[in-house]
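What follows is one structure encoded as structure tokens, with my remarks underneath.
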2 protein chains.
Amino acid sequence: MLKDGDELKHDLSLTSDASPTESDVIHPSELTEPPATSEAPLPKNAFSVLLSSSKDLSKKRPLPPSSSTDPPDPTKRTHPPNWRGCLLPYLTFPHIYPPTTVLRHTPSFVTIFDAFPKATIHLLLLPRDPTVNTLHPILALNTHPSLLSSSKSEVQILTPLVQKELRRRFGHLSKTQIAHTSSPDTVPERIYPLKIGIHAHPSLTHLHIHIITPDMSSPSLKHNKHYNSFTTPFFIPLEDFPMAEDDYRRKHPGRDEESGEVYLKGDMRCWRCGRNFGNKFKALKEHLEKEKEEWLAE
Amino acid sequence: MLKDGDELKHDLSLTSDASPTESDVIHPSELTEPPATSEAPLPKNAFSVLLSSSKDLSKKRPLPPSSSTDPPDPTKRTHPPNWRGCLLPYLTFPHIYPPTTVLRHTPSFVTIFDAFPKATIHLLLLPRDPTVNTLHPILALNTHPSLLSSSKSEVQILTPLVQKELRRRFGHLSKTQIAHTSSPDTVPERIYPLKIGIHAHPSLTHLHIHIITPDMSSPSLKHNKHYNSFTTPFFIPLEDFPMAEDDYRRKHPGRDEESGEVYLKGDMRCWRCGRNFGNKFKALKEHLEKEKEEWLAE
DNA sequence: GAATCATAAC
DNA sequence: GAATCATAAC
Ligand SMILES: Nc1ncnc2c1ncn2[C@@H]1O[C@H](COP(=O)(O)O)[C@@H](O)[C@H]1O
Ligand SMILES: Nc1ncnc2c1ncn2[C@@H]1O[C@H](COP(=O)(O)O)[C@@H](O)[C@H]1O
Ligand SMILES: [Zn+2]
Ligand SMILES: [Zn+2]
């Protein structure tokens with residue numbers, strides 16, 4: 001798991017091999033969503049669709065500008081049976097989506113807000129190179145060093161944006177961040193841990209790297225497989241690539257195979273205190289809300 | 001459907017045949033939950049558990065004071081297989097529950113907050129007379145005039161409490177209520193409609209009369225049968241009692257019989273605009289959020 | 001009634 | 001992947 005604050009961190013201006021397009025950057029003026037204890041009413045900035053699916057909150061995922069040539073909203077059930085390819089429109093036409101859907105795009109990457117976020121912040125980093133982005137992610141990241149290094153570089157641009165957004169929304173609840181505000185010279189800013197990695201057996205075709213807060217507290221988290229896909233070895237941190245030659249995960253056990261299914265169907269354990277909830281999903285959800293609150297207060 | 005503002009309305013002090021116990025009345029000082037555009041953080045008053053199930057929001061339904069002789073929390077899965085009798089503890093020991101669970105109790109009635117509210121406000125009025133409160137509600141209300149009249153009287157106590165709570169939480173969003181605030185002498189206060197009645201075939205043994213706002217917007221509303229049970233003739237308004245001798249509903253068609261199941265399994269139509277959503281439950285939910293907002297703004 | 005689990009069809 | 005529907009077991 002790649003935590004923010006690692007040694008890879010460097011300045012935003014040094015990162016991109018091509019200038020981000022106009023809508024790539026989150027302007028401070030866009031960050032108008034007020035800090036919230038619970039959820040705030042209608043947010044307006046690029047980090048606004050963070051919690052819960054648009055469907056759950058009736059904050060409809062903004063549609064691309066309507067025109068007969070536009071691709072369909074990838075969220076709507078309008079273009080199955082090709083649902084496995086539903087990330088393709090973001091890769092092909094990133095510019096037509098509002099910043100509440102596409103956070104940032106460069107010639108090499110598109111970063112979107114997950115349409116069914118499984119935690120408070122949940123982004124998907126999509127590599128655009130069509131020669132590698134439909135390979136199995138374990139294979140792709142193990143055998144294409146340039147993909148791996150450019151992905152890690154892009155992550156180093158994204159994590160500070162996420163940190164900033166978390167501090168803006170929740171910093172006032174954080175003991176550390178409050179101490180920092182009082183004594184900026186002696187107390188460093190809070191650094192929130194992030195989980196960054198892939199699923200051992202993704203359902204969607206196009207390579208996507210999850211960037212997600214660890215709280216697992218979101219209305220779109222609806223069953224045990226959702227939870228376990230981020231909290232067991234089914235989740236493979238980006239920092240684990242390239243894998244050792246004998247890493248057992250190179251077999252990329254998937255949900256169709258015994259070893260992958262075992263993770264998804266196993267007992268659920270709290271990410272924070274380790275408590276085993278067995279298959280009691282509702283009880284876990286309730287517990288996760290409390291854990292989130294305590295975690296934010298750290 | 002019994003709407004507030006009907007001719008039965010009269011003063012609270014005239015209603016009860018026995019003085020409510022100490023915790024029966026909502027004291028204005030308890031109404032500390034701030035008016036909310038979305039949901040407010042941790043409310044404290046008797047009208048606090050209104051929206052969504054405790055499980056959904058991690059606002060745990062308060063347990064009765066723990067002691068070996070206390071009844072179990074009716075919400076917990078601790079005392080099946082007798083789940084059909086889960087309302088009994090409220091009837092037997094109303095005083096042990098906090099006012100966030102039991103809103104009010106008299107010798108004749110206990111009024112609770114529905115543990116899985118299907119709308120913004122959802123109360124259950126429970127008649128306590130054991131000689132009638134386990135009869136089928138259609139039979140009981142048709143054949144026991146004193147049960148019917150006392151229930152209607154208790155409703156006349158409860159509806160002003162609900163009106164007050166709705167105005168407190170949402171009045172600032174209401175065109176009518178805002179106009180009233182500006183011109184109290186010429187514009188009357190907003191009266192929110194309430195649905196008051198029973199299910200044609202209840203699942204729980206003890207007679208309960210639903211008092212519910214019409215919005216059907218709540219996390220605990222989870223499938224089409226939930227929705228249709230309040231928006232089709234499966235829902236029988238209290239004001240329809242006593243029924244005409246030839247009222248077809250005297251047959252009390254239930255979910256086990258064709259006629260009742262037909263209502264629950266039929267297409268879902270928006271309570272406000274009539275739009276038919278077929279079996280598209282998620283689309284309906286999204287729509288209901290918007291309708292609630294517009295409705296509150298009236 | 002709620003909740004977990006499985007199954008089509010998209 | 002999401003969503004609708006059905007089914008035990010409480
Ligand atoms: N149309 C969509 N737009 C954006 N994200 C999506 C869409 N459909 C599914 N997702 C997300 O994509 C991820 C796919 O999961 P996985 O293939 O297991 O890595 C999940 O987190 C989904 O919530
Ligand atoms: N333990 C409980 N405490 C309070 N309300 C409950 C409990 N269990 C179920 N309910 C509610 O009781 C109602 C029973 O529905 P019905 O029998 O169809 O009228 C539903 O609205 C449930 O949400
Ligand atoms: Zn925990
Ligand atoms: Zn409507």
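Just so it is clear: chains get the letters A, B, ... in the order the sequence lines come, proteins before strands, and each one is counted from 1. Here the structure is a predicted model, which means the values were calculated and not measured.
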- Query: Side-chain donor-acceptor pair under 3.5 Å between A:Thr120 and A:Lys292, yes or no?
  - Reply: yes
Once you round it to whole Å, what is the distance between [atom2] of [N] and [atom1] of [X]?
X: B:Trp83; N: C:dT4; atom1: CH2; atom2: C1'; result: 16 Å
X: A:Lys285; N: C:dA2; atom1: NZ; atom2: C1'; result: 16 Å
X: A:Leu221; N: C:dA3; atom1: CG; atom2: C1'; result: 15 Å
X: A:Leu264; N: C:dT4; atom1: CG; atom2: P; result: 17 Å
X: B:Asn82; N: D:dC10; atom1: CG; atom2: C1'; result: 11 Å
X: B:Asp114; N: C:dA2; atom1: CG; atom2: P; result: 8 Å
X: A:Lys280; N: C:dA2; atom1: NZ; atom2: P; result: 17 Å
X: A:Leu204; N: D:dG1; atom1: CG; atom2: P; result: 8 Å

Closest to the [X] side chain: [options]?
X: A:Lys282; options: D:dG1, C:dT4, C:dG1; value: C:dT4
X: A:Phe281; options: C:dT4, D:dT4, C:dG1; value: C:dT4
X: A:His226; options: C:dA3, D:dA2, C:dG1; value: D:dA2

Between N or O atoms, less than 3.5 Å apart, protein on one side and nucleotides 5-7 of chain C on the other: list the pairs.
| from | atom 1 | to | atom 2 | distance (Å) |
| --- | --- | --- | --- | --- |
| C:dC5 | OP1 | A:Asn279 | ND2 | 3.0 |

- Item | Complementary nucleotide for C:dA3 - Watson-Crick or wobble, under 3.5 Å | none
- Query: Mind checking whether B:Phe281 and B:His223 have ring centres under 6.0 Å apart?
  - Reply: no
- Query: Any Lys/Arg nitrogen of B:Arg275 or B:Glu291 sitting under 4.0 Å from an Asp/Glu carboxylate oxygen of the other?
  - Reply: no
- Are B:Glu286 and B:Lys280 close enough for a salt bridge, meaning some N to O gap below 4.0 Å? no
- Once the angle between the rings of A:His122 and A:Phe230 is folded into 0 to 90°, is it parallel (under 30°), tilted (30 to 60°) or perpendicular (over 60°)? perpendicular
- Could you tell me how the ring of B:His210 sits relative to the ring of B:Phe235: parallel (under 30°), tilted (30 to 60°) or perpendicular (over 60°)? tilted
- Residue among A:Leu148, A:Leu135, A:Val132, A:Asp240 satisfying side-chain contact (heavy atoms from CB on, under 4.5 Å) with A:Leu141: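 In the set A:Leu148, A:Leu135, A:Val132, A:Asp240, the residue that makes a side-chain contact (heavy atoms from CB on, under 4.5 Å) with A:Leu141 is A:Leu148.
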- Return no unless some side-chain N or O of B:Lys222 is found under 4.0 Å from OP1 or OP2 of C:dT4.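 So the side-chain polar atoms of B:Lys222 never come under 4.0 Å of the phosphate oxygens OP1 or OP2 of C:dT4.
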